[in-house]
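Bear in mind the structure is a predicted one, so any value in this text is a computation, not a measurement.
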Amino acid sequence: MKRQIRCRLPLVIAILLFFSASLLAQQHRSVNLLQGRPLSSNLSDPDTESKIENLLKQMTLEEKVGQLVQYSVGTPTGPGTGRTGYEEMIEKGHVGSLFNLSDAKAANHYQHIAVEKSRLHIPLLYGLDVIHGYRTEFPVPLAMASTWDPEVVEVAARIAASEAAANGVRWVFSPMVDIARDARWGRIIEGEGEDPYLVSVLAKAYVRGYQGQSLRAGDGVLACPKHYVGYGAAEAGRDYNTTEISEHTLREVYFPPFYAALDAGAETIMSAFNSLNSVPASANPFTLKDVLRREWGFNGLVVSDWTSVGELIGHGVATNGKMAAYRAFSGGVDMDMESNLYHEHLVGLVKSGKVPETEIDDAVRRVLRVKFAVGLFERPYTDEKLADHGELPKENVEAARTAAERSFVLLKNDGAVLPLNSKFKTFALVGPLADDAGEMLGSWGGHSQAKDAVTLRSALVARVGADHVKYAKGGEIGKATDEQIGKAVAAAKSADVVIVALGENAPEMTGEAASRAHLDLPGRQEALLEQVAATGKPTVLLLFSGRPLTLPWAFEHVPAVLEAWYPGIQAGPALVRTLFGEAVPSGRLVVTWPRAVGQIPIYYNALSTGRPAGNADLSKPPSKGTPKFVSRYVDEANTPQFPFGFGMSYTQFHYSKPELRGEAVSAKTLSEMLRSRQEDAKPVLSVSADVTNSGKVAGEEVVQAYIRLRGTSVAEPLRKLRGFQRVRLAPGETKRVAFPLTAEAFAIWDQNNEHNVEPCEVTVWISPDSARGEAVQLEITE
Ligand code: BGC
């Protein structure tokens, strides 16, 4: 009998509870975007602190610096430094953490050296990029976010944590909470999209899931929100590029998800690669010291990104390694990932009086604190029997399938091609992504195994029988011959319906160092699509991508398009259940989908200009006679292909006009409420609407609440998300969906960069996406 990965009972119960709870309408969880209430750490208790002080007293300066040093020992995830063999350094106490190792046996090997042979027996902390699962690979993070379902995210993170911990990993470099407004940036796939509110809610869910009830419990892992900060705003979408972000926009857009993750209990954070307003983020005293430490009161550990300390030389703010180490450490980075520069220079910098030893002591305290927090001093070793060998537990597989089903975004469904008609008996399945298990795992596949992944082809064959599936690959992602395309066309002709699986190559075109200047389908995939569709057979396009793709032809001519992202191990079953209508699409876009690369950056929560195009039809380029001097393109629409929040269902939802309930509100009272920094701020208003399923099948709708403020001292976005709820509705059923709004919902960073509520006019929408819906007005008085 095959051995199962052992799974703790509480985890199973937690998963079951989560999924049964999410069948009901999900309650709105308010999220703190305040960035003002000092963070509190759960890690420091007097007993631990005295143990830390006791250790510190015994440590040499070299041993202290050792705790601030981290090396990769597995497959490198950055430019190789060529170093290996850390045994001797570990024995001397010169290494604090290792990462990229997820083999329990190897982890124990190094840990034995640290614990048994080093003078002070301080255990190593193991880190890893567990991005969307460890062995149970879930959909990629952008897809997970498209579920708009914090519970699904939390369950996935819990499963990932428990699998990672069983393999000795107690620190995950996740969640990535970089706001991204640019689909060219390859790492848009790793985050949760463009909206600070949504990213903040999901950031909290990830942290809760990873860290569990208690870090000490053994299956909790330290979360590490990254990349602090602004990395997603890389100019021209080119990875690692410069960023210029005003303090106002940092506070409104880029900071909130980090604050939220720390507020949920993350005790570590990773500093980014990018230069931010000319000061690299890994040596940036404003973001790392003024904001993170002083303003937010964060007392946890700051780790650099991969060689981002050494890269200060590339940025030009250091001319040598010593200067880079100095700038990073004095700028606020505690631990040097992979540069080797703290190891080489920090001792000398202390001895020469440039760096006070007391600051080294503080950084070491922060490292030791997290090591104590995950119980490494009591249980440094991994039980190799618990590690990742056997089959995946059924409940993990089911959680992965549920997540995938909720992440799919139905973009188009003309003539209700989907769900597939029961009269269809023969299915042509074409495209390079129809039967590629490895691709389904997406980028940062972690320790997932292609053998765990079920492709669309195998799931379809399992459902309808091999005789009914006419499969023709139609070429590779990057190239195809006429003959391959011809075979696909022949398959299409011989079938009742055509399913076309196209997209990007995950490892090469998405993720880190994978920015694209063109966002169309690579290779000859569009030709394949056009020729297959030209057969006149009903055609369904399934897109596998880590970002929006600009495919105007497909969106105009193909009747049904489903964005599948990279769905993880349960890709095939989740897709087949969706195609046949057992699962009804309910994913919604978390990024605005451009029509053309030239529209980028394009995001829903943009500011208005002084010359908006008014009531002009912005869904096409201007025609003769349209006013000239307005903010628009002469050769393209202003509107996106699909707006933020968009996604269709197999049913339809009808919204009533929203209604407001509550007392008149004054800016003065609301600002006072803000400043009182209440833990659970009381709602001052409630806005609600009836949502009705007016179609024929049950479905889940993601009901969204937006506001716009006018008359404020700074220009405010055209819309800002302030709440969302997933609601399940039977055919004909109506539910009243209410959003409580706290003072914080109306707060802005004003022209003095202070967090305030100002007198203004407010528009509130309850709507199915960021571009539709009826609104109500209210006034915030003086
Ligand atoms: C990435 C990080 C990652 C780190 C360690 C870097 O290249 O930017 O996101 O956590 O490598 O693998």
* To do: Quick one: list whatever passes ring-ring contact (aromatic ring centres under 6.0 Å, His included) with Y655, sequence neighbours left out.
  => none
* **Pairwise side-chain contact, L250 with V291, heavy-atom cut-off 4.5 Å (strictly under)** => no
* Any chance the side chains of E194 and T592 put a donor and an acceptor closer than 3.5 Å? -> yes
* Does a donor on one side chain and an acceptor on the other come within less than 3.5 Å for E512 and Y240? -> yes
* Asked: Does any non-hydrogen side-chain atom of P257 lie less than 4.5 Å from one of I179?
  -> yes
* Option from W296, Y228, Y254 for which ring pair (Phe, Tyr, Trp, His ring centres under 6.0 Å) with Y259 holds -> W296
* Restricting to pairs with a member in residues 706-715, which pass side chain to side chain donor-acceptor pair (under 3.5 Å), not counting sequence neighbours? -> Q704-Y706, S713-E758
* Strictly by modelled atom types, are T147 and R726 linked by a side-chain donor-acceptor pair under 3.5 Å? -> no
* Asked: In terms of the angle between their ring planes, are F642 and F646 parallel, tilted or perpendicular, with boundaries placed at 30° and 60°?
  -> parallel
* Between CG on residue D263 and CZ on residue F258, distance to nearest 0.5 Å -> 14.5 Å
* May I ask you to check whether Y206 and S174 show a side-chain donor-acceptor distance below 3.5 Å? => no
* May I ask you to decide if the ring planes of F555 and W593 are parallel, tilted or perpendicular, using 30° and 60° as cut-offs? => perpendicular
* side chain to side chain donor-acceptor pair (under 3.5 Å): pairs with one or both residues in residues 764-775, sequence neighbours excluded -> R719-S767, D769-R772
* **W148 vs R406 side-chain heavy atoms within contact, under 4.5 Å** => no
* Hey, are the side chains of P196 and F255 touching, using non-hydrogen atoms and a 4.5 Å cut-off? -> no
* To do: Would you please say whether a donor-acceptor pair under 3.5 Å links the side chains of N693 and T651?
  => yes
* Of V691, D690, V727, which meets side-chain contact (heavy atoms from CB on, under 4.5 Å) against R736? -> D690
* Asked: Would you say the side chain of H132 lies within less than 4.5 Å of the side chain of E190, judging by non-hydrogen atoms?
  -> no
* Find out whether V302 and L292 are in side-chain contact, i.e. whether some heavy atom of one side chain is under 4.5 Å from a heavy atom of the other. => yes
